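See structure below.
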Amino acid sequence: TFRLVIFCYPMTGNPNFPLPKNWNSIPGARGCTAQNCSFRDNYDNLVKSNALPVGVSTQSISDIKEMTKRLQIPYDIVSDQYLLFASRMSLPTFIIEDKTFLKRVTLIIQKKIIKKVFYPIFPPNTHIYDVLEWLKKN
């Protein structure tokens, strides 16, 4: 059975711009690039598990394009810049410098039904293994 793995994360840094103030000291904020790279590196394993990953962040489309090109991300990353998905799904968020960011949460969807929610997620760089294990058992 096909599953959609929607993983939400705060933001990936851009080497040309500074991170928001105190970013690395905020619990759950850092690690988005590592998380995306772990999904990238396990993309074939996800597909073999009959699952397709889709990332979601509140970053702009241009920021997402820069990151996906630089990191060679093979799956879609969707911008929820206007918080439509976050508000409809009642996703957890946090605010820094008047900007709202998604907290890290992963939804596994099968036949329009959310079958599994991963939250909280820590550490982000190894979360992919929890996802793969769940897909294998279910």
Side-chain angles (χ1 to χ4, degrees):
T1 304
F2 174 77
R3 280 85 55 100
L4 193 59
V5 178
I6 299 177
F7 68 99
C8 304
Y9 62 91
M11 68 168 274
T12 51
N14 180 324
N16 300 315
F17 301 101
L19 291 170
K21 189 176 180 181
N22 299 318
W23 184 258
N24 289 328
S25 64
I26 298 164
R30 69 183 292 185
C32 301
T33 299
Q35 182 180 14
N36 263 292
C37 289
S38 70
F39 272 78
R40 175 200 66 201
D41 296 345
N42 284 279
Y43 179 76
D44 290 342
N45 293 329
L46 287 161
V47 171
K48 287 175 189 170
S49 299
N50 211 21
L52 188 64
V54 175
V56 179
S57 87
T58 57
Q59 289 178 276
S60 70
I61 291 171
S62 62
D63 285 345
I64 290 170
K65 280 185 178 181
E66 181 282 326
M67 181 274 296
T68 56
K69 184 176 181 182
R70 177 171 40 90
L71 299 178
Q72 298 179 334
I73 301 297
Y75 48 83
D76 289 332
I77 305 286
V78 179
S79 171
D80 191 27
Q81 185 174 7
Y82 303 108
L83 302 169
L84 299 174
F85 183 69
S87 63
R88 290 212 173 106
M89 297 299 292
S90 299
L91 296 177
T93 60
F94 63 98
I95 298 172
I96 301 175
E97 299 173 358
D98 296 327
K99 178 154 176 41
T100 302
F101 297 91
L102 294 171
K103 288 188 179 181
R104 223 175 290 283
V105 62
T106 298
L107 310 170
I108 298 182
I109 300 169
Q110 179 180 319
K111 295 183 180 177
K112 301 180 187 177
I113 297 169
I114 298 172
K115 294 289 192 173
K116 174 70 177 165
V117 176
F118 291 93
Y119 180 81
I121 293 169
F122 187 81
N125 61 318
T126 60
H127 170 58
I128 184 65
Y129 303 115
D130 297 329
V131 171
L132 288 168
E133 185 66 24
W134 188 91
L135 290 168
K136 189 169 135 183
K137 289 180 178 177
N138 296 279

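Everything quoted here is computed from the prediction, not taken from an experiment.
Under a hydrophobic clustering in which Ile, Leu, Val, Met, Phe, Trp and Tyr are joined whenever their side-chain heavy atoms come within less than 4.5 Å, directly or via other members, I96 and V105 fall into different clusters. At a threshold of 4.5 Å between side-chain heavy atoms, the hydrophobic network of Ile, Leu, Val, Met, Phe, Trp and Tyr places I26 and I121 in two separate groups. Neither M11 nor Y75 shares a network with the other; the hydrophobic side chains, linked directly or stepwise wherever heavy atoms of I, L, V, M, F, W or Y lie under 4.5 Å apart, form separate groups for each. Residues Y82 and I61 are members of separate hydrophobic clusters, defined by side-chain heavy-atom contacts under 4.5 angstrom among Ile, Leu, Val, Met, Phe, Trp and Tyr. In this structure, I77 is not a member of the same hydrophobic cluster as L83, with clusters built from ILVMFWY side-chain heavy atoms closer than 4.5 Å.
We find the CG-CD1 distance between D41 and I128 to be 9.5 Å, quoted to the nearest 0.5 Å. Atom SG in C37 sits 8.5 Å away from atom CE in M67 (nearest 0.5 Å). Rounded to the nearest 0.5 angstrom, R70 CZ and T68 OG1 are separated by 9.5 Å.
A search for ring-ring contact (aromatic ring centres under 6.0 Å, His included) contacts involving F39 returns F7, not counting sequence neighbours. For K112, there are no salt bridge (charged side-chain N to carboxylate O under 4.0 Å, His left out) partners at least two apart in sequence or on another chain.
The local environment of CG in N16 is crowded, with over 12 non-hydrogen atoms from other residues, nucleotides or ligands closer than 6.0 Å. Within 6.0 Å of atom NZ in K65, 12 or fewer heavy atoms from other residues, nucleotides or ligands are found, so the atom counts as exposed in its surroundings.
Side-chain contact check for K103 versus T93: every heavy-atom pair is 4.5 Å or farther apart. The closest side-chain heavy-atom distance from T58 to K99 is below 4.5 Å. Taking the side chain as every heavy atom from C-beta outward, C8 and T106 never approach each other to under 4.5 Å. Residues R40 and L71 meet the side-chain proximity criterion, which asks for heavy atoms closer than 4.5 Å. I6 places a side-chain heavy atom less than 4.5 Å from the side chain of L4. Annotation: side chain of I114 is not in contact with side chain of I108 (no heavy-atom distance under 4.5 Å). In this structure, Y9 and Q59 have side chains that are in contact, with non-hydrogen atoms separated by less than 4.5 Å. By the 4.5 Å heavy-atom criterion applied to side chains, L132 and L46 are counted as neighbours.
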Exercise for review: Quick one: do I73 and Y43 satisfy side-chain contact (heavy atoms from CB on, under 4.5 Å)? Show the steps, please.
Suggested key: CA-CA 9 Å; I73 301 297; Y43 179 76; over 6 Å; no

Practice item. Walk me through it: do D80 and S57 pass the test side-chain contact (heavy atoms from CB on, under 4.5 Å)? Key: CA-CA 6 Å; D80 191 27; S57 87; over 6 Å; no

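Side-chain atoms of E97 come within 3.5 Å of backbone atoms of K21 as a donor-acceptor pair (strictly under, hydrogens ignored). Side-chain N or O atoms of N138 include one that pairs as donor or acceptor with a backbone N or O of W134 at under 3.5 Å.
Closest non-hydrogen pair, N24 versus R30, comes out as OD1-CB, 3.4 Å.
A parallel orientation is assigned to the rings of F94 and F101, their planes being inclined by less than 30° (bins at 30° and 60°).
R104 and Q35 share a donor-acceptor pair across their side chains, judged by distance under 3.5 Å alone. Side-chain atoms of H127 and S38 include no donor-acceptor pair closer than 3.5 Å.
Listed by first and then second residue, the ring-ring contact (aromatic ring centres under 6.0 Å, His included) pairs involving residues 47-67 amount to none (not counting sequence neighbours).
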